[in-house]
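Structure, as structure tokens:
Below, chains carry the letters A, B, ... as their sequence lines are ordered, and counting in each starts from 1. Heavy atoms only: backbone and side chains are in, while hydrogens, waters and symmetry mates are out. What you see is a predicted model; the values in this text were computed from it and never measured.
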Number of protein chains: 2
Amino acid sequence: MTRGRPRDTAIEGRLLAAAAEELRHGGYDGLSIDRVADRAGVAKTTLYRRWASKAELVVALITTMREEVPFEPSDDPRADLTRLVSTIAAGLASTPTSLVADLAAAAARDPRVGESVRALWSERHRAVTAVVAKAQQAGVVLDHVAPAVLVDQLVGPLYYRLLVTGEPLTPEYARTLVVSVLGPEESP
Amino acid sequence: MTRGRPRDTAIEGRLLAAAAEELRHGGYDGLSIDRVADRAGVAKTTLYRRWASKAELVVALITTMREEVPFEPSDDPRADLTRLVSTIAAGLASTPTSLVADLAAAAARDPRVGESVRALWSERHRAVTAVVAKAQQAGVVLDHVAPAVLVDQLVGPLYYRLLVTGEPLTPEYARTLVVSVLGPEESP
DNA sequence: GCAATTACGATACTGCGGTAGCGTAAATAA
DNA sequence: TTATTTACGCTACCGCAGTATCGTAATTGC
């Protein structure tokens with residue numbers, strides 16, 4: 001079928017494993033393409049035949065590394081939102097700040113990378129959107145504002161703290177964000 | 001007083017001017033330290049005697065470039081907030097995205113740079129905080145949430161859109177953020 | 001005048017991301 | 001078998017940020 005010499009299918013895995021090791025030890029900056037190729041026992045050009053840039057390699061790596069945590073909505077939108085936002089906050093807090101920042105920078109530089117990075121981050125965004133829309137339908141949230149804006153006000157502050165102000169992302173903070181959007185809990 | 005050969009005071013200005021030119025044309029990435037030094041007619045080592053890294057040079061440059069737009073509060077917190085958030089949105093929208101992202105990345109990598117970048121961005125943050133606190137005192141905003149959180153929900157989504165989702169920063173969006181936090185305007 | 005001190009220019013260097021060119025290996029199509 | 005096509009390793013190279021070294025210029029203290 002395909003004409004030429006086939007790709008060695010084992011190489012990609014070895015490269016990703018080597019890149020993961022490098023990323024663990026030195027972060028995005030400390031990850032050296034030469035060392036990744038060396039560690040995988042492969043020429044640098046072979047790596048670049050699979051990913052066009054260091055950023056694409058790292059995005060691919062993170063995409064394969066991250067385990068899908070499926071979110072099962074309950075019938076309590078407030079609890080769902082709190083859980084979701086807290087999870088996102090915990091995920092961001094456990095990631096090195098510079099990695100998130102470097103991914104954002106790489107995304108801003110290269111539109112192709114931007115697509116991949118956005119795909120990486122959009123999943124959680126969409127989950128929050130779904131719950132917010134549900135909460136509005138249930139009347140838990142005032143619906144004078146579009147759901148997309150509320151989502152930005154729930155998730156945006158997390159990235160803002162991480163990338164801009166440098167303040168910590170605590171679970172309390174995540175809860176406070178939800179309370180601010182939904183209003184204080186009504187006493188039953 | 002000072003013992004050795006004095007610094008040539010004209011050099012710093014020439015370097016900053018050269019860096020500004022470079023930054024205009026090629027952005028953060030396109031700014032080459034070698035070219036900046038060349039353009040200023042100065043050795044590269046002389047540049048590094050003034051700023052420890054490219055990031056510090058760029059932060060210093062932006063700090064000197066930005067004109068202070070003084071904010072004079074009125075007695076209408078809603079109008080003040082709308083004006084402030086819209087101004088921040090316009091400022092971010094008119095800045096190349098990659099520059100903001102690269103500054104955030106540089107800030108995440110180097111704590112010294114982080115301080116400078118945060119100082120650069122914190123001014124507007126504090127202005128918003130002041131107006132939000134005032135609005136809470138005036139009873140325009142519910143005070144079940146700390147002002148700092150509301151500020152994050154007003155400003156954070158701007159950076160979030162710029163750096164993460166890539167969605168546009170329109171004046172309408174800024175207004176919607178304020179409406180979402182303050183609630184719909186009461187008919188008089 | 002003279003020593004000490006600091007700034008400057010110049011050169012060379014390192015490791016980096018990324019590219020180009022070439023010889024060779026492995027597959028298919030004829 | 002042979003031509004074609006693609007993958008791979010290798011080497012060399014580019015421009016980049018940043019560092020080290022050294023000779024020299026300019027200033028202060030003595």
Side-chain angles (χ1 to χ4, degrees), chain A residues 1-16 18-19 22-23 25-61 98-99 101-103 105-110 112-113, chain B residues 1-16 18-19 22-23 25-61 98-99 101-103 105-110 112-113:
Chain A
M1 210 67 187
T2 35
R3 280 293 299 264
R5 169 179 177 174
R7 285 209 174 164
D8 188 333
T9 54
I11 286 182
E12 180 168 327
R14 290 215 310 274
L15 280 170
L16 285 176
E22 286 270 318
L23 193 64
H25 284 82
Y28 187 95
D29 242 46
L31 185 149
S32 151
I33 295 287
D34 290 85
R35 277 200 304 269
V36 168
D38 268 9
R39 200 191 281 262
V42 148
K44 189 164 63 161
T45 47
T46 300
L47 187 153
Y48 276 103
R49 250 173 234 118
R50 284 160 177 77
W51 302 280
S53 66
K54 173 174 170 175
E56 297 210 352
L57 165 64
V58 172
V59 173
L61 171 62
S98 60
L99 179 57
D102 282 319
L103 285 183
R109 267 196 287 269
D110 184 345
R112 287 177 46 86
V113 176
Chain B
M1 211 66 184
T2 34
R3 279 293 299 264
R5 170 178 176 174
R7 284 208 175 165
D8 188 333
T9 54
I11 287 183
E12 180 168 327
R14 291 215 309 275
L15 280 170
L16 285 176
E22 286 271 316
L23 193 64
H25 284 83
Y28 187 95
D29 242 46
L31 185 149
S32 153
I33 295 287
D34 289 86
R35 277 201 303 270
V36 168
D38 268 8
R39 202 190 279 263
V42 148
K44 190 164 63 160
T45 47
T46 300
L47 186 153
Y48 276 103
R49 248 173 235 117
R50 282 158 179 79
W51 301 280
S53 66
K54 173 174 170 175
E56 298 210 350
L57 165 64
V58 172
V59 172
L61 170 63
S98 61
L99 178 57
D102 282 319
L103 285 183
R109 267 196 287 268
D110 184 345
R112 286 178 47 86
V113 176

- Item | Contact pattern, 5' to 3', of nucleotides 3-10 of chain D - B, S or - by protein heavy atom under 4.0 Å | -BBBBBBB
List the atom pairs, with distances to 0.1 Å, where a side-chain N or O of residues 33-40 of chain A and a protein N or O form a donor-acceptor pair under 3.5 Å, not counting sequence neighbours.
| unit_1 | atom_1 | unit_2 | atom_2 | d |
| --- | --- | --- | --- | --- |
| A/R35 | NE | A/E22 | OE1 | 3.2 |
| A/R35 | NE | A/E22 | OE2 | 3.2 |
| A/R35 | NH2 | A/E22 | OE1 | 3.4 |
| A/R35 | NH2 | A/G30 | O | 2.6 |
| A/R39 | NH2 | A/E22 | OE2 | 3.4 |

- Item | Those residues that, when tested against B/D8, pass salt bridge (Lys or Arg N to Asp or Glu O under 4.0 Å) (two or more places apart) | none
- Between D/dC16 atom C1' and B/D38 atom CG, what is the distance in whole Å? 14 Å
- Heavy-atom pair with the smallest gap, counting every atom of A/A55 and A/A106: CB-CB, 3.6 Å
- Please work out which residues in residues 52-60 of chain B have a non-hydrogen atom less than 4.0 Å from an atom of DNA chain D and list them by number. B/S53, B/K54
- Note on the structure: Looking only at heavy atoms, the pair that brings A/L23 and A/Y28 closest together is CD1-N, 3.7 Å
- Query: With sequence neighbours excluded, what pairs up with B/R50 under the side chain to side chain contact (heavy atoms under 4.5 Å, CB included) test?
  - Reply: B/R7, B/I11, B/E12, B/L15, B/T46
- Task: Evaluate the criterion side-chain contact (heavy atoms from CB on, under 4.5 Å) for residue pair A/S53 and A/V113; output intermediate values, then yes/no.
- Result: CA-CA 9 Å; A/S53 66; A/V113 176; 4.3 Å; yes
- Item | Contact interval (first through last nucleotide) of DNA chain C with protein chain A, 4.0 Å heavy-atom | C/dC16 to C/dA29
- Message: What is the distance, to the nearest angstrom, from the CG atom on B/D34 to the P atom on D/dT19?
- Response: 13 Å
- Task: Report the distance from atom CG of A/L47 to atom NZ of A/K54, rounding to the nearest 0.5 Å.
- Result: 11.5 Å
- Item | Contact summary for B/A105 and A/D102, nearest pair of heavy atoms | CB-OD1, 3.6 Å
- Atom-to-atom span, OH of B/Y28 to C1' of D/dC16 - whole angstrom: 12 Å
- Message: My understanding is that only residues two or more places apart in sequence, or in another chain, count here; which of them pass salt bridge (Lys or Arg N to Asp or Glu O under 4.0 Å) with B/R112?
- Response: B/E56
- Indicate the atoms forming the closest heavy-atom contact of A/L16 with A/L61, along with that distance. O-CD1, 3.5 Å
- B/I33 or B/T2: which one's nearest nucleotide on DNA chain D is closer to the 5' end? B/I33
